[in-house]
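Here the structure comes first, spelled out in structure tokens, and everything after it is commentary.
A note on names: the letters A, B, ... follow the listed sequences, proteins ahead of strands, and every chain is numbered from 1.
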Amino acid sequence: MKTEKNRAELIKEISGVNPLKCMKCGKCSASCPSYNEMDIKPHQFVSYVINEDIESLVNSKSLWKCLSCFACVERCPRDVKPGKLIDAARQIVVRERDNTYLSPDEVPELLDPETPQQLLVSAFRRYRR
Amino acid sequence: MSIEKNEEFRPKIVAFCCNWCSYAGADLAGSSRMSYSADVKIIRVPCSCRVNPMFILRAFERGADGVIMCGCHPGDCHYTSGNFYARRRMTLLFSMLDYIGVESGRTRVEWVSAAEGAKFSQTMHEFVDKITSLGKNVRLEDLRCRNL
Amino acid sequence: MQRIGVFVCHCGTNIAATVDVKKVVEMAQHEPGVVHAEDYAYMCSEAGQELIHKAIKEKKLTGLVVCSCSPRMHETTFRNAAEKAGLNPYMVEIANIREHCSWIHKDIGEATEKAVILMRAAIAKVNLDAPLKPGESKVTKRALVIGGGIAGIQTALDIAEAGYPVDIVEKTPSIGGRMSQLDKTFPTLDCSSCILTPKMGEVNAHPLINIYTYSEVESVAGFVGDFTVEIRKKARSVDMDKCTGCGLCQEKCPSKKSLSEFNRGLSTRSAIYTPFAQAVPNVPVIDREACIKFKTGKCGICSKVCQAGAIDYDQTDEIVTEKYGAIVVATGFDMIKLDKYDEYAYSQSKDVITSLELERIMNAAGPTGGHLERLSDGKDPKEIVFIQCVGSRCADDRGKSYCSKICCMYTAKHAMLIRDKYPDTNVTVFYIDVRTPGKNFDEFYRRAVEDYGVNYIKGQVGKVIPQPNGKLLVQGADLLDSKQILKEADMVVLAAAIEPNPDVRKIATMLTASIDTNNFLTEAHAKLRPVESPTAGIFLSGVCQGPKDIPETVSQAGAAAVKAIGLLAKDKLLTNPCTAHSDELMCNGCSQCANVCPYGAITYEDREVNDHGIRERRRIAVVNDALCQGCGACTVTCPSGAMDLQGFSNRQILAEVDAICR
Amino acid sequence: MKYSYFPGCTLKNKAQDLDHYARISAEALGFELEEISEWQCCGGVYPLGTDEIATKLASVRALNDAKEKGQELVTLCSACHHVIKRVNDDMKNVDDIRTRANNYMALDEPYEGETNVLHYLEVLRDIVGFDELKKKVTNPLKGKKIGAYYGCLLLRPGKIMAFDDPENPKILEDFIRAIGAEPVIYPYRNECCGGYISLKEEEMSKNMCRKIEESASGFGADMLITACPLCMYNLNKNNGGNLPVYYFTELLAEALGLKEEVKEQ
């Protein structure tokens with residue numbers, strides 16, 4: 001079992017983000033279209049990594065609510081790019097566990113005749129290993 | 001891709017720094033406690049244009065493993081144009097060194113202003129890493145000069 | 001053989017904690033020429049210098065090596081100490097074992113080893129040192145101030161008051177600078193023009209001050225005490241002596257569509273114009289790009305209406321050459337362009353403005369006559385949002401890495417003034433941190449909150465969204481309340497970062513004054529010499545050195561003036577004796593050295609030489625010590641090795657190389 | 001002019017007509033799209049992790065194929081463009097990814113980001129030129145007020161995509177002008193529609209789509225166009241239903257008078 005310290009380091013490595021560069025301006029949270037759906041807010045991601053509380057991060061709803069729209073990445077004045085951090089946390093989950101956010105069994109009922117391939121492809125890539 | 005490092009090997013590195021920009025940049029790195037390897041030893045010159053290619057060859061002859069020259073950014077020379085002369089001279093020298101088979105990584109020119117302590121430290125880190133990976137300078141060292 | 005003394009400084013624990021100073025002293029004893037070595041807690045102190053004095057006398061030392069901090073700190077101190085004891089001051093070398101050693105290394109063994117090597121290099125150099133004697137140069141008793149804002153004005157006044165003539169060179173048609181564009185000033189809320197215009201008048205009337213407006217520095221030659229500067233007086237097309245400043249030409253000028261630079265493009269001006277009513281000098285200029293006469297040859301109305309006959313379409317640029325002993329840079333700042341910050345919709349909505357534009361809107365002489373209104377529809381704004389740190393404190397290349405320093409305070413001022421004058425207008429400020437260090441500054445900010453009800457929200461704004469109804473939806477975060485906020489506003493004001501005037505790089509290059517990556521001029525020492533450039537004779541005043549507010553600018557302007565006065569008060573200056581000289585037996589008169597010399601210090605003369613018994617006349621390079629600045633370009637160019645630099649000779653540098661590689 | 005063309009999954013299946021519109025318009029405008037043989041799906045999502053290699057290889061294969069043919073690579077779908085352009089940037093600028101990807105690929109000559117990746121719109125703007133396009137329009141879409149919907153993938157991160165100003169783009173507006181219609185600029189055009197999450201979080205997505213719709217129709221748009229098939233699907237499905245959303249190639253073909261031709265096929 002990996003320690004929280006290991007996992008924090010792993011997140012930094014996968015994301016390539018140095019969370020210490022953050023100045024807590026909150027521009028990410030101000031830009032985020034999913035803000036209201038998130039339990040851990042974009043500007044808080046860095047603190048969880050710095051404080052090595054990865055367990056809370058990987059269990060957070062925010063992982064699955066992030067759209068990867070890169071609004072926070074584009075606008076972050078400190079080059080911290082919270083979107084990359086949350087994606088790394090999501091990577092940790094899909095790499096560590098089998099249970100993922102999307103099971104193939106539930107797909108058929110989510111489909112409609114018009115659903116483009118792109119939606120399934122991207123959902124699988126994001127939600128599963 | 002990992003490069004095998006000889007842990008014992010400590011390179012000898014000579015850094016020529018102009019008095020107005022780079023030496024002051026090195027001072028700033030010092031007062032900001034931005035560390036870099038102790039293998040780097042700095043020689044102060046008034047301007048990068050004071051660095052005679054002969055000095056660099058001499059360093060290699062005497063067993064230096066790398067030589068770096070730092071000056072003011074182009075256009076910011078305290079003496080107006082000194083670093084332009086230096087840049088041309090070093091281009092020639094480096095192409096000659098390349099011709100005689102000295103790895104191009106053993107020499108470097110970097111412009112560091114008085115306000116760029118972090119850049120100075122970063123540059124020295126990179127340079128020391130590079131020289132460490134290249135290993136001992138065996139091609140130019142004059143063994144007769146070796147201090148036994 | 002030299003008799004060398006080595007002095008190793010502990011610098012308290014700054015050096016001694018990481019360098020084994022006793023070991024360095026011990027190693028010194030084994031070096032050639034060393035007859036004395038000792039260490040002391042603070043070499044630069046009176047007691048430390050006394051030790052040096054005593055050793056020079058007792059051991060009959062001919063050279064010194066001080067292992068201490070950077071020579072940029074205390075080389076002069078130790079040279080003076082040597083001179084007091086009767087030793088030539090240029091027989092002193094410093095081994096920098098603090099900035100270049102103890103402060104950057106942690107391992108004692110490693111740091112000590114390096115300190116010893118640095119000491120050896122210094123000893124090797126001293127061994128080849130020769131006594132040098134500085135020459136003398138004159139001081140031209142006149143100062144140049146570049147920039148006519150409050151910094152330049154104050155510096156010029158202070159220098160002139162001390163009795164020295166001063167010239168101000170100002171690029172725009174009037175002095176006054178940024179301060180003349182401001183409405184009120186913090187934290188006292190006095191009117192900016194009311195305190196600035198008297199100073200502008202004073203400068204204009206001062207018998208020792210000469211103002212070149214609409215002029216730029218074209219070139220700078222020479223050095224401390226003796227600069228030669230060319231000033232380009234751009235063609236004003238108006239005769240300064242004849243013009244009475246009646247203003248009729250501006251009134252009658254048919255070309256009125258140029259954007260007013262003074263009003264930040266929020267209003268228009270005529271082609272012949274003074275930037276603002278209180279301009280000094282009160283003489284207009286013709287903007288030739290906009291003037292119909294210049295564009296089509298037909299018009300000439302201004303010339304017809306001018307009763308003084310001051311209009312001169314044939315005027316050309318004029319170059320004035322003047323000598324100065326000291327130069328003060330006071331080039332000031334501008335706000336950054338916001339084209340990389342379009343999430344704030346600056347280019348998409350007229351109602352998103354910068355703080356400086358707000359200053360003009362609030363100013364009674366501004367584009368709206370001082371009435372706060374939306375520029376899109378002229379309506380009164382009822383909700384105003386201020387966004388802080390737009391482009392300041394950025395780690396990416398969109399903005400600036402530094403805090404612009406003045407924005408927190410001027411925003412509190414704006415908020416307070418708006419709430420005072422328009423009590424039914426709500427003001428919200430989105431901030432990251434409120435930074436108010438300064439006398440009465442935090443109290444001022446608290447008044448904005450407590451007495452004027454300004455709503456401060458901690459959190460940056462993500463996007464300003466123009467709405468179909470003309471309002472602006474501000475999407476921000478309230479980090480303390482953990483809420484994303486959507487606030488409808490009538491007007492959004494951006495506290496854009498300030499940056500040094502873009503022209504400063506060109507000027508710094510001419511002055512050979514160093515400049516940092518943000519284009520701020522570098523000071524000689526961050527703490528102890530904050531108003532001097534490392535280039536002798538160049539002084540820094542105002543924001544060209546770093547962000548500052550008006551009181552700080554005025555203080556620094558005075559400080560720069562004092563430093564300039566200190567220089568101008570001297571009758572003579574000692575020149576740097578580390579100059580080049582050529583060996584007449586080796587020189588073949590090829591002229592290569594003269595070609596690279598940036599100072600024109602090398603000339604040639606035919607001289608009778610005795611080359612190993614052969615007498616002949618040869619063409620030989622001669623260096624003028626007064627002009628040579630000691631860069632050494634000639635020494636490397638010289639194909640025969642005849643040219644060498646005193647104090648940094650070929651043999652000395654080679655000896656240092658050898659000592660390091662030993 | 002011949003370009004390597006990466007159609008991507010959706011345009012090859014569910015939305016074949018959009019692909020046809022693009023090809024036939026290209027022909028009319030004087031360039032040819034040569035489909036890369038045996039292209040593989042880009043994955044739809046750019047793998048952000050610095051240690052993700054395998055997930056980037058499909059893009060590298062396509063890029064290398066174009067390189068070997070000496071062609072520039074043109075994409076149509078925003079997602080494909082985003083993924084391939086970013087992978088190309090990695091191959092050009094990130095040593096570690098380049099080395100490891102090439103280790104997997106075992107090509108004769110390592111791929112180092114040589115291929116230039118262009119979006120179809122960039123070809124229209126930079127190669128054909130919107131002025132030139134305007135001249136070739138036979139059926140200008142006069143009187144139509146069209147809002148451009150950019151979404152996230154084409155624009156961000158601005159430095160890598162280098163497509164247009166990420167906060168105030170204008171390429172689609174210029175396109176709309178070129179085909180004879182009137183562009184409507186509205187602030188939500190670069191806000192995410194929530195395409196990815198529409199599978200599992202329909203409510204969230206609806207919310208976002210409605211904001212975009214409100215903003216666009218508030219400023220007077222009667223329709224939207226987009227370059228992303230997923231955005232088109234999502235917006236059509238999840239906005240309030242008052243604003244039809246079209247793919248830009250369909251309107252292009254219509255303006256060039258080629259739409260019927262495709263329909264007949």
Side-chain angles (χ1 to χ4, degrees), chain B residues 12-14 16 18-21 23-24 26-47 49-56 58-64 67 72-73 75-82 85-86 89 113-116 119 121 141 145 147, chain C residues 69-73 94 96 98-107 110-111 113-114 117-118 121 125 505 508-510 512-518 520 522-523 526 534-535 576 578 596 598-599 629-637 641 645 647-648 650 653-654 656-662:
Chain B
K12 275 184 196 168
I13 289 168
V14 178
F16 290 99
C18 82
N19 182 46
W20 300 95
C21 289
Y23 195 91
D27 279 359
L28 182 61
S31 51
S32 316
R33 312 297 196 274
M34 292 166 173
S35 72
Y36 50 90
S37 163
D39 301 329
V40 178
K41 315 285 189 303
I42 295 170
I43 295 179
R44 181 165 70 130
V45 286
C47 174
C49 71
R50 179 66 190 95
V51 179
N52 196 316
M54 180 173 79
F55 302 160
I56 293 171
R58 171 79 148 237
F60 283 127
E61 180 197 357
R62 296 294 163 120
V67 180
C72 309
H73 285 270
D76 292 350
C77 174
H78 180 76
Y79 303 102
T80 320
S81 50
Y85 297 132
R89 287 168 190 156
S113 80
E116 293 175 324
K119 182 177 180 189
S121 156
E141 185 179 9
C145 299
N147 200 352
Chain C
C69 53
S70 170
R72 291 161 42 83
M73 272 308 279
I94 308 288
N96 183 347
R98 192 178 74 175
E99 281 85 346
H100 293 187
C101 186
S102 68
W103 271 351
I104 47 170
H105 306 313
K106 291 206 169 66
D107 182 80
E110 207 175 78
E113 194 188 328
K114 178 167 173 181
I117 293 173
L118 294 177
K125 193 175 179 206
R505 184 157 272 281
T509 305
M510 283 192 260
T512 70
S514 40
I515 197 164
D516 68 17
T517 41
N518 288 316
F520 287 116
T522 314
E523 54 280 11
T535 301
N576 171 21
C578 295
V596 298
Y599 303 99
Q629 297 297 299
C631 66
C634 54
T635 62
V636 184
T637 293
L645 188 64
F648 290 95
N650 288 330
I653 297 174
L654 289 173
E656 285 181 87
V657 169
D658 291 356
I660 287 172
C661 298
R662 203 161 88 192

Okay, side chain of C:His105, backbone of B:Tyr36: is any donor-acceptor separation there less than 3.5 Å?
yes
Under 4.5 Å between any side-chain heavy atoms of C:Thr535 and B:His78, yes or no?
yes
Look at atom CD of C:Glu113 and say whether more than 12 heavy atoms of other residues, nucleotides or ligands are closer to it than 6.0 Å.
no
Taking every heavy atom of C:Thr522 against every heavy atom of B:Ala114, the minimum-distance pair comes out as CG2-CB, 4.2 Å
Would you say B:Arg58's side chain and C:Val657's backbone share a donor-acceptor pair under 3.5 angstrom?
no
Say you draw a straight line from OG of C:Ser70 to CG of B:Leu28; how long is it, rounded to the nearest 0.5 Å?
11.0 Å
Can you tell me how far the CG atom of C:Leu654 sits from the CG atom of B:Asn52, to the nearest 0.5 Å?
8.0 Å
Under 4.5 Å to a heavy atom of chain B? For C:Ser102 that would be neither
Output the option from C:Leu118, C:Asn518, C:Ile104 having the highest count of non-hydrogen pairs under 4.5 Å with chain B.
C:Ile104
If I take atom CG from residue B:Asp27 and atom CG from residue C:Asn96, how far apart are they, to the nearest 0.5 angstrom?
5.5 Å
side-chain contact (heavy atoms from CB on, under 4.5 Å) assessment of B:Arg50 paired with C:Asn650:
CA-CA 9 Å; B:Arg50 179 66 190 95; C:Asn650 288 330; 2.7 Å; yes
Any side-chain heavy-atom pair from C:Cys631 and B:Pro46 closer than 4.5 angstrom?
no
Pairs involving residues 37-46 of chain B, ordered by first then second residue, that meet salt bridge (charged side-chain N to carboxylate O under 4.0 Å, His left out) (sequence neighbours left out)
B:Arg10-B:Asp39, B:Arg44-C:Glu75
Partner chain B: residue of C:Ala111, C:Gly632, C:Cys101, C:Gly647 with the largest heavy-atom pair count (under 4.5 Å)
C:Gly632
Can a donor-acceptor pair be found between the side chains of C:Arg98 and B:Ser31 at a distance below 3.5 Å?
no
Given heavy-atom pairs under 4.5 angstrom as the criterion, report whether the side chain, backbone, both or neither of C:Tyr599 touches chain B.
side chain
Identify which of B:Ala64, B:Ser121, B:Cys18, B:Ala24 forms the greatest number of heavy-atom pairs closer than 4.5 Å to chain C.
B:Ala24
Is the shortest heavy-atom distance from the side chain of B:Pro53 to the side chain of C:Val636 under 4.5 Å?
yes
Which one, B:Val14, B:Ile43, B:Val51, leads in non-hydrogen pairs under 4.5 Å with chain C?
B:Ile43
Quick check on the interface: out of B:Cys21, B:Ser113, B:Ser37, who has the most heavy-atom pairs with chain C under 4.5 Å?
B:Ser37
Nearest heavy-atom neighbours spanning C:Cys661 and B:Lys12
O-NZ, 2.7 Å
With a 4.5 angstrom heavy-atom cut-off, is it the side chain or the backbone of B:Ala29 that approaches chain C, or both, or neither?
backbone
Is it the backbone or the side chain of B:Phe16 that comes under 4.5 Å from a heavy atom of chain C, or both, or neither?
side chain
Residues in salt bridge (charged side-chain N to carboxylate O under 4.0 Å, His left out) contact with C:Arg505, at least two apart in sequence or another chain
B:Asp76
Partner chain C: residue of B:Met54, B:Lys119, B:Arg89, B:His73 with the largest heavy-atom pair count (under 4.5 Å):
B:Arg89
Let me know if B:Cys72 has heavy atoms under 4.5 Å from chain C in its side chain, its backbone, both or neither.
neither
Quick check on the interface: out of C:Ala513, C:Ala526, C:Pro534, who has the most heavy-atom pairs with chain B under 4.5 Å?
C:Pro534
Spacing of CH2 belonging to C:Trp103 relative to OG belonging to B:Ser32, to within rounding of 0.5 Å
9.5 Å
Going through the distances and angles, do C:His100 and B:Tyr23 end up as a side-chain contact (heavy atoms from CB on, under 4.5 Å)?
CA-CA 9 Å; C:His100 293 187; B:Tyr23 195 91; 3.3 Å; yes
Quick one: what part of C:Ala121 sits under 4.5 Å from any heavy atom of chain B, side chain, backbone, both or neither?
neither
Part of B:Val45 lying under 4.5 Å from any heavy atom of chain C
both
Would you mind telling me which of C:Asp658, C:Thr635, C:Thr509, C:Asp516 has the largest number of heavy-atom pairs within less than 4.5 Å of chain B?
C:Asp658
Assess the residue pair B:Trp20 and C:Ser514 against the criterion (side-chain contact (heavy atoms from CB on, under 4.5 Å)); give the C-alpha distance rounded to whole Å, side-chain angles, the decisive distance to 0.1 Å, and a yes or no.
CA-CA 8 Å; B:Trp20 300 95; C:Ser514 40; over 6 Å; no
Heavy-atom pair count under 4.5 Å with chain C, highest-scoring of B:Ala86, B:Gly63, B:Ala26:
B:Ala26
Check each atom of B:Val67 against the heavy atoms of chain C and say whether the ones under 4.5 Å are side chain, backbone, both or neither.
neither
Could you walk me through whether C:Ile660 and B:Arg62 pass the side-chain contact (heavy atoms from CB on, under 4.5 Å) test, one step at a time?
CA-CA 9 Å; C:Ile660 287 172; B:Arg62 296 294 163 120; over 6 Å; no
